[in-house]
Structures are given as C-alpha cells and as structure tokens.
There are 2 protein chains.
Amino acid sequence: MPTPQGKPARASRAPRTPRDGAGPKRATVQEVAEAAGVSTATVSRVLNGNYPVAADTRRRVEQAVRTLGYVVNAQARALAGSRTRTVGIIVEDIIDPFFGFIARGVQRQAAEDGKLCLVCSTYGVAGGELDLIDSLREQRADAVIVVGGGVEDPAYRRKLADRAHALNQDGSWLVLCGRPPLAADVPAGVVDYDNTGGAHAITDYLLGQGHRRILYIGGLDQMSVHRARVAGFRRAYASRGLEVDERLIQPGPFSRRLGYERTAQLLRDGSAGQFAAVFGANDGVAVGAMQALREAGLRIPQDVSVVGYDDIPLAAEVTPALTTVHLPLEQMGREAVRLAVALRGESDGPTDTRHVGTHVVIRDSTAPAPAS
Amino acid sequence: MPTPQGKPARASRAPRTPRDGAGPKRATVQEVAEAAGVSTATVSRVLNGNYPVAADTRRRVEQAVRTLGYVVNAQARALAGSRTRTVGIIVEDIIDPFFGFIARGVQRQAAEDGKLCLVCSTYGVAGGELDLIDSLREQRADAVIVVGGGVEDPAYRRKLADRAHALNQDGSWLVLCGRPPLAADVPAGVVDYDNTGGAHAITDYLLGQGHRRILYIGGLDQMSVHRARVAGFRRAYASRGLEVDERLIQPGPFSRRLGYERTAQLLRDGSAGQFAAVFGANDGVAVGAMQALREAGLRIPQDVSVVGYDDIPLAAEVTPALTTVHLPLEQMGREAVRLAVALRGESDGPTDTRHVGTHVVIRDSTAPAPAS
DNA sequence: CTGAAAGCGCTTACAG
DNA sequence: CTGAAAGCGCTTACAG
C-alpha cells in the first residue's frame, strides 16, 4: 500500500528479524533437498560431484536446482569446507603493464583451476603490502601472491616472514613473484627470474658492440630488482676488465618521465660525461630516454644506442623498436598459481623456488658504437 | 619421527578429523573470548566497534587479539552477517588501459570503503560475462560491476536482465559501467557517458577545420559503444548538411593493428577514395593509423589529421600527440562503486543512471584541411 | 548409494 | 554495558 506521506517508500532501517518476508532471499540446499525429496547431504554430493550418487537421484536434484535457480553460497561452503577457491594477488599498480601481465597470468591460471582472484594494489604506499596481506588472510585466500621487486630492508623482510608463517599456519601460502626468497626457513613459494644475468647479458651485448660509456638510468636502492640489475651491469664491465664510471649510474623511480628528464638533463649539463648508449632500468625509462635523445637531435641507433628491460608491448611498438630483456610476465603469473596449488599439497613443505628464463631481444635501437 | 621408508614425509591424505592436532589452525573469537574472560558477543562488538563496550573490557579484548594474532574469518562473518564487503568487476582484459583505468578506479574506491575486489576477465569469450556474473553471485559480492560496451543482441540483454534480477533478489546489485541501461524495469545501476555526443563533437571539430572526407576506422556492429560513436559521427555530418561517403566507414575490432592495416590497405588500393583525416574508434586504432600514414610518407597533421577516442596515456605520449575525446575512466570506476553502495541503501530501488562528462582534447595531430 | 547430525566461526536480537 | 543462544548455509565423517 502506498505510504501516506509523499515520500518515496524506501525500506525503513528496521532491525532485520530473521526472514521477515522482505530482505534478500535465495534458495538454500535445504530447499533444494526438500524439492528433490532427498537430504542436504545428497544435494551437496551431486553439487560437488565428488561422491557416487544414483543417476535418478542426481537427476531429481539437478532438476530442483534448475527450478529454484539455486546457486551455492561460497561463504557457507568455505566455512564448512577448507578452501575458499580464491587467490589473492598484490601488485603496485594494475595499470603498469609489468604488473598487468603478471596479474593476467594469475587470473587465467586461477580461472582454469576454478578459482577467483582478489586483486589489490599498493600504489607504492610503504607497508601497503603488509596490510593487504592481512586483509587477504581474513579472506582466507588459498594463496597470496605478492608481485614485483621487494624492499631489501631487513625489518621489512622480517615482517613479511611473519606473514608467511601466519598464512602457512592457516593452511595458505605466501608466494613471491619476481622477488628473491626471504630466507630458507620461511614457508613461502618463489617465482623468480635472473635479473643479474639479464642485465649482464644485455650490457655485455652493448659492450660487444664497442660501447664503453653506457648510461644506466633508473631504480631505487631499496628495491631488490634494481640492485640485482645494477649488479649485472657492473659484472658485465668487470668480466671484460673494464671500469664503470659511477657518474653514469643514475638512480630514480622506474618511470618514463625519469628516463626523459634525466637524459635531457645530462645531455644539457654534461655532468655524467659523454655517453653513446643508454640502459633504461625498464622499458618505460628507455622510451623516455629515447624521446629526450630525439629532441636533442640525436639519432637512434646511429648516434646513441638504447636498451630497456622487461619487454612490455611498448618496446616493440616504438620507433625504432627497442632492444630489451624479455621477461615471460604472463607465464610468471601462471607459475605462481601453479606453485601455490602444488604447495597446498604438502602440509608444510619447505620453501619452493621456481625460475623462469629470460633472454635478450635485439631490435632496432642498438648499433655498433660510432667511431670516436 | 622419520618415516621408515626413504620417501619424504608428506602428509598422508587421511580424512581430516576435526582438530586432529595437525592441519591448519587459527585463533577464533571463542579463544579470544576465553583469553579475555568475556563472551564471544563482546569480542565481536569490540572488533566491529558498532556497539558500546566498557573501556576496560575493550582493552582486555584488544590485548587478547594481539596476543593470539587473531584475524577475523571473513567467510564466517559474511555468513552470519549480511555483507561480504567484496565487489566483483568484470572486464574484457585487464591489460587494456581502457579497462585497466576503470578497474583502478573501482579498486581505489572499494579500498576506501573497506571492500576488496574480485577481478575477472572475459578475454572476449562470448557469454563469458554471464558465467562470471554467476561466479560472483556465488561469492555473494556486494555488487557486480560489468565494464565496457555491451552486445546489442536482445537475447543477450535478456539474459543479462535475468542476472540483474537474480542479484537484486540476493540483495546485491548489477552495475553497468560504460554501457547503456538494459531496460526501465531491470534493477541495475548504470554509469555511462555520451558516446554519441563525444563522437559528434570531435567530428564536428574536424569538419570545422575544413575536412570533408574523414575515414572512420573500428568498431563491431554488435557493440553499443560502436553504434553510438558512429551515430555521432554521422550526426555531425548531418548537422552541417553534409553527406557521409559510406566507403569511409570501416568497421573492425578496436585494435592498433586494425588501424595500421586498414589504413595501409586503403592508402594502397584507394577503395575508399581519398581522405585527409582519420577518426580512430579508439586511441589504439588511431595510433595504428598514424604509423601506417607515416610509413606511406604522409605527414601528420600537415597531410592528414588523426583523432582518437578515450584519451589513454598513449594518446599524449605519441608524436605528434593525439587529439582525442577524453573519458574520465578512473572516475567512472569510482562512480560505479559509489552507485552500488547507494543502491544497497534501497531495498529495491529503480534503475539509477549516472552520467560522467567527456570533452575533446586538442593536441598536435590535427590541423586545417590542406587546400585541395 | 543415502540420511541424521555435528560443526565450521562468526553476528545479532533478546534478555538482563 | 554484557552474556546465552540461535542461526547463517554449507560439508563431512559416521552409520546404515
């Protein structure tokens, strides 16, 4: 009946008494059982298909399910069972292709395994990872996948290790994806790749082309990824008995803007000396550097060679196409989920580490050093 | 004790009897209550902070929580309460910036509201949306946000409407983001923008620059977004009393590759006649077209003007920077979550539609038509 | 192959 | 301000 007042009849905030006629309502196993004339146990068994049920009984149940439009209540199922069929993934920013592709791999593998993904982003907030792991623990995610290079700070690593133990207690697992292991006694899975080796390989390629003064741009000291890449850069020089001019190592956030601005500045003020090659700590940095070089009237690769890291699609799309280190990002995401599934098999196995391979992709942004 | 055989001591698949010593174990409210010397009701009340509790009692409980490392069990909470504090979002592909930015907005707003996001992708599989909505319904997501242009097929829209009703039954809501409403009687939220108006505006801008033969590339007939954009394109011509040469409308998937290949082909075989402007149905298509034009020796914008749609970062990064229609993608995502929250306030309100504004961004890829 | 019943870990009227 | 108790909707030994 219409409300006497002209106000819209919106549900008053009366306390929800159980089943007061209004309020949300969806069919339950109970109702399906009644409709099919069987017990709830039987309904559960046909729903899960994990136990023999007479063909005829099964049919009656399936019929009832259809008629009532029944859908299982995942929370009730998770509470009664032991798994939530959910995996959590924590990235810095879903819009960054590095994270985006890994997240895509995680999603796809999870979907194939009948799981759903809880995706969280830290947006670079310090400690954001920790809080998100806690939220995901509340959700009892079957696994929590933390993506990307981690902070090297020992205090932080200890906190992360605590989370790993807590998750493991709960029967879940922490999986580090693109980050080195925490410690031997920490129950966590790891999917990693060889940053040092990749940086070594691409630096050595440049060195082999006759380049000696390579400007290395990008990376923050606390990040494991950065330290490993710089280490590879240095080692390549060392392998050939060459020295690195420290002025050529220019740290900063992994961003296109950094590549652009730092390159432009060094070109302008010459404070790092000359250079005829640029190593961007990731593809974005490299592309930013390319733009600055071009604006300064330098040709790529005739005057300056440029390389990146990661091989996101952008690398192949710019002109000239960028020489870089290929990372199987999507595969890393898939691997992380597979590893988590494997680990749950063990009651509390040791840390398990999986390595994925990388390789240098030579495109058009590199050439032999100009004769000086 | 070590297993007699040399095999690794992995937990045998014995049936999990309740609390058999091994197995995952985490503290419960029960245990916190005992440790604090109060009832579980009281623990729940301090945890949720939604009810007065004596300061001293509160302290004891908080202490116990800390000591035991207690974390709430979200499934149990959701089962006992009525909300899951979870929102589901369905996109085509998280790696596509159009979807990525919307997903980011959804995530951020959800995080601010204390909710977690279940992110799903269809990867363009027909009907994928429907299945994913069902999964999200199992999860009892507080809202299910479906992103991007929808299929116009009436049968499909009917199925979607069924899902909307089902969700509404459950006390949840379907929210369409970047897609027109289904029908007046369907309980679903809508966050949309004016595709026709945007396409009209940017086409009119080109027309105002003296262009008459504008090549329109991209879009599939079944997609609502495409139909609306083409309608705007046509209307701009009509407003000025001009005719559209149908050969200049070239449909296809929204992809960089389409822009590149179709443009290259038309330049080669001339089957669409001449054109001195290209309207890419989205920025990716436009950038692909730019590449083909450049390879054909044409200058942008001196010889050919190019415009796109969406204004993803790529648009500002290419050279010359692309004139396009700006969409507040991240804001759309946020709006979708806010709308969902608002809708849950009503027991079953009518369809609620929110419009976000768009505008043309003029950059360097457009210029007056060359004198012919 | 099937059912009765306990239990998963919370929240929330209800009663003090 | 606090507690006893019911109930959320499933799954899973246990017993036939």
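Numbered from 1 within each chain, the chains take letters A, B, ... in sequence-line order.
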**Student:** From CD of A:Gln139 over to C1' of C:dC10, roughly how many Å is that when rounded to an integer?
**Tutor:** 14 Å
**Student:** Closest to the B:Thr57 side chain: C:dC10, D:dC10, D:dC1?
**Tutor:** D:dC1
**Student:** Could you tell me how far apart A:Asn73 (CG) and D:dC8 (C1') are, to the nearest whole angstrom?
**Tutor:** 8 Å
**Student:** Check every atom of D:dC10, C:dG9, D:dG3 against the side chain of B:Ser39 and return the nucleotide holding the closest atom.
**Tutor:** D:dG3
**Student:** My validator wants the stems of DNA chain D: runs of 3 or more consecutive Watson-Crick or G-U pairs, both distances under 3.5 Å, written as range with range.
**Tutor:** C:1-3 with D:14-16, C:5-12 with D:5-12, C:14-16 with D:1-3
**Student:** Looking at B:Arg137, B:Arg344, B:Arg140, B:Arg83, which hits salt bridge (Lys or Arg N to Asp or Glu O under 4.0 Å) with B:Asp170?
**Tutor:** B:Arg137
**Student:** Could you pull out the closest heavy-atom pair between A:Asp93 and A:Tyr123, with the gap in Å?
**Tutor:** OD1-CE2, 3.7 Å
**Student:** Check the distance between C:dC1's P and A:Asp56's CG and give it to me in whole angstrom.
**Tutor:** 13 Å
**Student:** Between A:Tyr70 and B:Arg58, which is nearer to the 5' end of DNA chain D once each is assigned its nearest nucleotide?
**Tutor:** B:Arg58
**Student:** Atom CZ of A:Arg59 and atom P of C:dT2: how far apart are they, to the nearest Å?
**Tutor:** 12 Å
**Student:** Does this structure show an ion pair linking B:Asp162 with B:Arg158, if we count only N-O contacts that are shorter than 4.0 Å?
**Tutor:** no
**Student:** Donor-acceptor pair, A:Arg179 side chain versus A:Gly148 backbone, under 3.5 Å?
**Tutor:** yes
**Student:** Send over the distance from A:Arg140 CZ to D:dT11 P, rounded to a whole Å.
**Tutor:** 13 Å
**Student:** Between A:Gln75 and B:Ala76, is there a donor-acceptor pair closer than 3.5 Å when you use the side chain of the first and the backbone of the second?
**Tutor:** no
**Student:** Indicate whether any N or O donor in one side chain lies under 3.5 Å from an N or O acceptor in the other, for B:Asp142 and B:Thr84.
**Tutor:** yes
**Student:** Taking atom P of D:dC8 as reference, at what distance in whole Å does atom CD of A:Gln30 sit?
**Tutor:** 10 Å
**Student:** Could you give the CD-to-C1' distance, from B:Glu34 to D:dA4, as a whole number of Å?
**Tutor:** 15 Å
**Student:** Salt-bridged, B:Arg334 to B:Glu112, with N to O below 4.0 Å?
**Tutor:** yes
**Student:** Should the heavy atoms of other residues, nucleotides or ligands under 6.0 Å from OH of A:Tyr51 be counted, would the total exceed 12?
**Tutor:** no
**Student:** Give a yes or no on whether a salt bridge exists between B:Arg59 and B:Glu62, defined as a side-chain N under 4.0 angstrom from a carboxylate O.
**Tutor:** no
**Student:** Take the protein atom CG of B:Leu79 and the nucleotide atom C1' of D:dT11, then report the distance between them rounded to whole Å.
**Tutor:** 13 Å
**Student:** Check each residue of residues 40-54 of chain B for a non-hydrogen atom within less than 4.0 Å of any atom in DNA chain D, then write out the ones that pass by number, or none.
**Tutor:** B:Ala41, B:Thr42, B:Arg45, B:Tyr51, B:Pro52, B:Val53, B:Ala54
